[in-house]
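Contents: one structure, followed by commentary.
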Number of protein chains: 2
Amino acid sequence: MLDTTDKKLLTLLQTDAKKTNKELSNILGLSVTAVYERIRKLERNGVIDRYVALVNRDKVRKGFSVFCHIKLAQHSRDYIRVFEAKVTKLKEVLECYHVSGDYDYILKIVVDDMDTYREFMINKLTTIEHIGSTHSVFTIGEVKNTTIVEV
Amino acid sequence: MLDTTDKKLLTLLQTDAKKTNKELSNILGLSVTAVYERIRKLERNGVIDRYVALVNRDKVRKGFSVFCHIKLAQHSRDYIRVFEAKVTKLKEVLECYHVSGDYDYILKIVVDDMDTYREFMINKLTTIEHIGSTHSVFTIGEVKNTTIVEV
DNA sequence: GCTGAAAATACGGCGAC
DNA sequence: GTCGCCGTATTTTCAGC
């Protein structure tokens, strides 16, 4: 379904979505039209989901990242549904995964600093029903952070 | 440094970077040029780091996400430097954070499936020197995944 | 911050390979 | 599926105020 050119194109667009079709055509050795058609197809097929701006978190005082492990009190379908719906609404929670192991969910939380994290925990996260326990892991350094999946 | 308009603009661009300045100007109640100038400034100041295409991982068979906790064998400066340099090079590792707690690093790894994860662990990750131990947490569902930080 | 105009690019159709 | 060329429409970009 995706040939080598498509894969290269995807990596390029995941690296820099502002590249013009002309620049891409030079890199890939294709015509502008061919690049245009391929991108259209990748967008139509849903392979490219969307285009976004990435913000430098340190520049907007959002440099405090925390991973929070959560156990639910019970694992009924309703408890899961309610928890997932409410946690999704929290803007501080950038990512939430249902996982297997010692706990049920991993949340990636981004806030200003430790004080705002404390506020977030008390006034937002732990007000969600059915949470059994939480465990916070604080990041002290970002070694790598990319959105590029190489296919 | 950032006024309310800038913040709205950042949220809009983090949601959809393909919006034209004209569309943005309508939403924000500004002229096209004012929007242009504000975006230029956000880019120059480094608040906007870059623009990227986001790929639907399920469409490219990269739906298998794993969090891997890593302890180093020792915590000398050289060990840390070597580990971080090598782990950054691995394309399967999308994110790597230095953390405080029971382990030293959290890695977010995205691969095809369990088989490729096994291959990755054997042939790539665990060939890095100075790793003391690893612990993998497998995701069984993605509840939320956004890149938007609301400032 | 605005208006207006120039330059660059995207877009869609065409026939041909 | 790709290419090159054609337009036109849209968008970006940057004067000058």
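Proteins come first, then strands; the chains are lettered A, B, ... in the order of their sequence lines, and each starts at number 1.
- The terminal axes of the helix from C:dG1-D:dC17 to C:dC17-D:dG1, fitted over 5 pairs per end, subtend an angle of 30° to the nearest 10°.
- Within the structure, salt bridge (charged side-chain N to carboxylate O under 4.0 Å, His left out) contacts touching residues 34-53 of chain B (residues at least two apart or in different chains) are B:Asp3-B:Arg38, B:Asp6-B:Arg38.
- Contacts between residues 5-23 of chain A and DNA chain C, defined by a heavy-atom separation under 4.0 Å, are made by A:Thr20, A:Asn21.
- Among A:Lys124, A:Lys62, A:Lys108, the single residue meeting the side chain to side chain donor-acceptor pair (under 3.5 Å) criterion with A:Glu92 is A:Lys124.
- Only one option out of B:His69, B:Lys71, B:Glu84 pairs with B:Tyr105 in a side chain to side chain donor-acceptor pair (under 3.5 Å); it is B:Glu84.
- Partners of B:Ile140 according to the side-chain contact (heavy atoms from CB on, under 4.5 Å) rule, which considers only residues two or more places apart in sequence or in another chain, are A:His98, A:Ser100.
- Under the rule for a salt bridge (Lys or Arg N to Asp or Glu O under 4.0 Å), A:Asp113 has no partner lying at least two apart in sequence or in another chain.
- For A:Lys8, the NZ atom sits in a loose shell: 12 or fewer heavy atoms of surrounding residues, nucleotides or ligands are nearer than 6.0 Å.
- Listed for the B:Lys144 side chain is a donor-acceptor partner under 3.5 Å among the backbone atoms of A:Thr88.
- In the region residues 26-56 of chain A, proximity to DNA chain C at under 4.0 angstrom, judged on heavy atoms, holds for A:Tyr36.
- Within 6.0 Å of CG in B:Asp102 there are 12 or fewer heavy atoms belonging to other residues, nucleotides or ligands.
- With hydrogens and angles ignored, the 3.5 Å screen pairs no side-chain donor or acceptor of A:Ser25 with any backbone N or O of A:Val35.
- Between B:His130 and B:Tyr79, the ring planes lie parallel to each other; the angle is under 30°, not in the 30° to 60° tilted range.
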